[in-house]
Peer 1: 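My questions all concern the structure below.
Computed from a prediction, not measured in an experiment: that's the story for all the values here.
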Amino acid sequence: LMKFPKYYTWFSNIICGGPYPAVQYRTHTLYSNTIVPYSFSANGSMVGYGKVTENYTDNALGKIEYLYIAKPDKYNILPTSWDLDYLPGTPSTPFLDNGFLSTITIYDKYNHIFKKTSNMPVIELTKTYWAFKVRNGSAGFNFVQVPEYYQMSFYPIQVGKLLTGSTREEIYDNNNAFTTFKEFDYSDKGYIKTEKQTISNGSILSKHYRYSTDFDSFSSWLAELKGKNIINNPLEIVTKKDDKLIDGSFTIYKSHDNIITPNEIYQAETANPSNTPFIAPSGTIPAEYKQKGILEYDATGNMSFSKGTNNISIGYKWGYNQQYTIAECKNATNIEFMFEDFEGNGSIVSNSTTAHTGKGGYNGTVDLQNYFNPTLNGRNYRLSYFKIDGNGKWVNVEENYTGQSITGMLDDIRIYPTDGEIKTYTYEPLVGITSSIDPSGKTTYYNYDNYKRLLNIKDLNGNILKSYNYNYSTVLG
């Protein structure tokens, strides 16, 4: 328990008045329920575990032991010189490092240590606030009455950010230990600033992080990041070996649609470790950094397309209230392909519950040129869709797209560049993916049980490709 129950308290009082001498008495009280409020300092739980063990069978591993810091909260007991030991209802004070994973030890099946990782905690941004608990009442004897008294207890409310200060990793091989030691340094905001790793041969690898607050406001997008308090995303990440650069990245953001999102990605290219300076704080990009990618996002903050150094774009379309990716097309921007799933994510309203995937389909004729230009950007396009054939089965139809009309019981219409590849998906919101169609038109279905757990993965013909069983263990410990 993160807080042991308390059922007893006492307080002293003095009554004086009239011709009688002062009388001091002590009241002892027993309670049927604990008088200390329940504590949930074990990551939201009343019970914290100092040691957790995972045991393996039929495996090269024997077990993994996890050691956590789990110290019961402190009672806010009043000084012995006071006339009260504890005021009921006063919260206990938790230790801020509770829940910290201090050690991971991996054993082989012969109970020999294979790997051990030891972490040391550090608490940053600590602050203490003071609050108090008060109660009043009346007391007295039949010869004198004291109309009212007050009891008060002050207690601290402590806050802080629990972080990892250092990590030691030991790997054992034939009784030889190979040790790696990492130290972490944090900014005044509690964000990782530097990782320093010392390996067995004495070399030092360091990783440095720079945030928007580390830069001068050399651009409007940077000023907007600061203005919107977007200060926890690292813009520059640099890896050094023995204080010389071996890797680095820098991200430029773009302001649009009242939001700001990543736009340009730069990567350091150097044949040998170099003395390349940090980009922060000036924002000057050294010659060693080359543009490696461009990212574009829509007005909701979802990625619409990405482009790498090979100049090949990957476009994305989103559905289900912009929560899930319903299509991705290689070698196309987000406007250079179309997907109509008849699930409310496209332009055509479903008129049938007969569906190849999802819950809706379309029975009738669709004039596709009304929805997608066959000569868009001067490219050639391919059409793929599913329809029910004369045998009542769903079949995939593939043909060149020229703006034609298609007729029948239809679903999953896909138009994409002839030199592109498209993948599409349907979902059950808040549950998971229900189907996927790969570039060749192969369909895979995902079924769930009554508890919304993945049960089966099936092909187009209903054949089970993979099945999952869930069982509760009857063995404890």
Side-chain angles (χ1 to χ4, degrees), residues 315 317 319-320 324-332 336-374 380-429 431-450 452-469:
K317 291 189 183 297
Y320 303 92
Y324 302 99
T325 305
I326 61 171
E328 57 183 78
C329 188
K330 189 176 181 180
N331 200 26
E336 292 179 322
F337 68 100
M338 169 187 163
F339 175 48
E340 178 55 72
D341 57 4
F342 300 104
E343 303 297 314
N345 301 312
S347 303
I348 308 174
V349 178
S350 169
N351 65 5
S352 174
T353 56
T354 300
H356 168 248
T357 63
K359 299 178 179 179
Y362 189 87
N363 190 8
T365 299
V366 177
D367 189 357
L368 292 173
Q369 65 179 344
N370 293 330
Y371 304 99
F372 192 84
N373 181 359
N380 296 319
Y381 293 90
R382 189 77 174 159
L383 168 64
S384 167
Y385 64 98
F386 284 81
K387 69 179 296 184
I388 293 182
D389 65 7
N391 297 318
K393 294 184 177 181
W394 286 103
V395 293
N396 182 30
V397 179
E398 294 271 354
E399 57 193 36
N400 291 329
Y401 176 62
T402 58
Q404 63 265 49
S405 296
I406 54 178
T407 301
M409 187 65 240
L410 308 171
D411 201 1
D412 296 317
I413 302 172
R414 312 191 299 176
I415 301 173
Y416 57 96
T418 55
D419 55 352
E421 291 183 350
I422 190 170
K423 298 178 182 178
T424 54
Y425 312 91
T426 61
Y427 299 85
E428 180 69 31
V431 178
I433 185 173
T434 55
S435 72
S436 65
I437 306 175
D438 70 8
S440 68
K442 178 183 176 182
T443 305
T444 304
Y445 297 96
Y446 302 82
N447 303 128
Y448 299 83
D449 64 15
N450 292 333
K452 310 304 180 183
R453 300 174 301 190
L454 183 60
L455 186 63
N456 296 312
I457 301 177
K458 298 181 179 181
D459 65 15
L460 176 62
N461 298 315
N463 300 313
I464 295 177
L465 304 176
K466 186 176 288 188
S467 181
Y468 297 85
N469 294 310

Peer 1: Any salt bridge (Lys or Arg N to Asp or Glu O under 4.0 Å) involving residues 342-363? Give me the pairs, sequence neighbours left out, ordered by first then second residue.
Peer 2: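 Residue pairs passing salt bridge (Lys or Arg N to Asp or Glu O under 4.0 Å), neighbours aside: Lys359-Glu428.
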
Peer 1: Ion pair present between Asp389 and Lys393, side-chain N to carboxylate O less than 4.0 angstrom?
Peer 2: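 Salt bridge between Asp389 and Lys393, a charged N being under 4.0 Å from a carboxylate O: no.
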
Peer 1: Just by distance, do the side chain of Gln369 and the backbone of Pro374 share a donor-acceptor pair under 3.5 Å?
Peer 2: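 Pair absent, no side-chain N/O of Gln369 close to backbone of Pro374.
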
Peer 1: With side-chain contact (heavy atoms from CB on, under 4.5 Å) as the test, would you mind laying out the steps for Lys330 and Tyr416 before giving the verdict?
Peer 2: CA-CA 9 Å; Lys330 189 176 181 180; Tyr416 57 96; over 6 Å; no

Peer 1: List the atom of Ile415, the atom of Leu383, and the distance in Å for their closest heavy-atom pair.
Peer 2: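 Smallest heavy-atom distance, with atoms named: CG1-CD1, 3.8 Å.
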
Peer 1: Would you please test Asn363 and Thr354 for side-chain contact (heavy atoms from CB on, under 4.5 Å) and show each step?
Peer 2: CA-CA 9 Å; Asn363 190 8; Thr354 300; over 6 Å; no

Peer 1: Donor-acceptor check, side chain of Thr444 to backbone of Ser436, threshold 3.5 angstrom: yes or no?
Peer 2: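 Such a contact is absent between Thr444 side chain and Ser436 backbone.
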
Peer 1: So, do Ser350 and Tyr362 sit near enough that their side-chain heavy atoms are less than 4.5 Å apart?
Peer 2: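 Side-chain contact under 4.5 Å: no.
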
Peer 1: Side-chain contact, heavy-atom cut-off 4.5 Å: Tyr425 with Thr357?
Peer 2: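 Counting from C-beta outward, Tyr425 and Thr357 never come under 4.5 Å.
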
Peer 1: Can you label the angle between the Tyr324 ring and the Tyr320 ring as parallel, tilted or perpendicular, going by 30° and 60°?
Peer 2: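 Tyr324 and Tyr320: perpendicular rings.
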
Peer 1: Name all pairs fulfilling the ring-ring contact (aromatic ring centres under 6.0 Å, His included) condition that reach into residues 431-450, sequence neighbours left out, sorted by first residue then second.
Peer 2: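 Those involving residues 431-450 do not exist here.
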
Peer 1: About how many Å separate CG of Asn331 and CD of Glu336, when rounded to the nearest 0.5 Å?
Peer 2: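 CG of Asn331 is found 8.0 Å from CD of Glu336.
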
Peer 1: Any non-hydrogen side-chain atom of Asn400 less than 4.5 Å from a side-chain atom of Asn380?
Peer 2: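 No, too far: nothing below the 4.5 Å cut-off.
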
Peer 1: Could you check Val366 against Tyr385 for side-chain contact (heavy atoms from CB on, under 4.5 Å), going step by step and ending with a plain yes or no?
Peer 2: CA-CA 12 Å; Val366 177; Tyr385 64 98; over 6 Å; no

Peer 1: Taking all atoms of both residues into account, what is the closest heavy-atom pair of Tyr401 and Leu368, and its distance?
Peer 2: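 Closest approach of Tyr401 to Leu368: OH-O, 3.2 Å.
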
Peer 1: Determine yes or no for a side-chain-to-main-chain donor-acceptor pair under 3.5 angstrom, with Tyr381 supplying the side chain and Asn373 the backbone.
Peer 2: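 Pair absent, no side-chain N/O of Tyr381 close to backbone of Asn373.
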
Peer 1: Evaluate side-chain contact (heavy atoms from CB on, under 4.5 Å) for Lys317 paired with Phe337, printing each intermediate quantity in order.
Peer 2: CA-CA 9 Å; Lys317 291 189 183 297; Phe337 68 100; 3.6 Å; yes

Peer 1: Donor-acceptor pair, distance only, cut-off 3.5 Å: does the side chain of Asn461 make one with the backbone of Asn463?
Peer 2: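 Here the side-chain-to-backbone pair does not exist.
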
Peer 1: Testing the basics here: between Thr365 and Ser405, what is the closest heavy-atom pair and its distance to 0.1 Å?
Peer 2: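 Closest heavy-atom pair between Thr365 and Ser405: CG2-CB, 4.1 Å.
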
Peer 1: Is any side-chain heavy atom of Leu455 closer than 4.5 Å to one of Tyr468?
Peer 2: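 No, side chains not in contact.
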
Peer 1: Scan residues 406-423 for pairs that pass salt bridge (Lys or Arg N to Asp or Glu O under 4.0 Å), counting only residues two or more places apart or in two chains.
Peer 2: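 Output for this query lists Arg379-Asp419.
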
Peer 1: State, yes or no, whether a side-chain contact exists between Met338 and Tyr371 at a heavy-atom distance under 4.5 Å.
Peer 2: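 Heavy-atom side-chain distance check passes, below 4.5 Å.
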
Peer 1: With a 4.5 Å cut-off on side-chain heavy atoms, are His356 and Leu460 touching?
Peer 2: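 Yes, their side chains come closer than 4.5 Å.
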
Peer 1: Is there a side-chain contact between Asp341 and Thr424 in this structure, where contact means two heavy atoms from C-beta onward sitting under 4.5 Å apart?
Peer 2: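 Heavy-atom side-chain distance check fails, nothing below 4.5 Å.
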
Peer 1: Where is the tightest heavy-atom contact between Ser384 and Glu398, given as atom of each residue plus distance?
Peer 2: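 Answer, listing the atom of Ser384 first, then Glu398: OG-OE2, 3.2 Å.
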
Peer 1: Do you know the tightest heavy-atom contact between Ala355 and Gly360?
Peer 2: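 In terms of heavy atoms, the two residues are closest at CB-O, 3.4 Å.
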
Peer 1: So, taking the atom named CG in Leu410 and the one named NZ in Lys387, what distance separates them when rounded to the nearest 0.5 Å?
Peer 2: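 Those atoms lie 6.5 Å apart.
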
Peer 1: So, for Thr443 and Phe386, which heavy atoms are closest and what is the spacing to 0.1 Å?
Peer 2: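 In terms of heavy atoms, the two residues are closest at OG1-CZ, 3.6 Å.
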
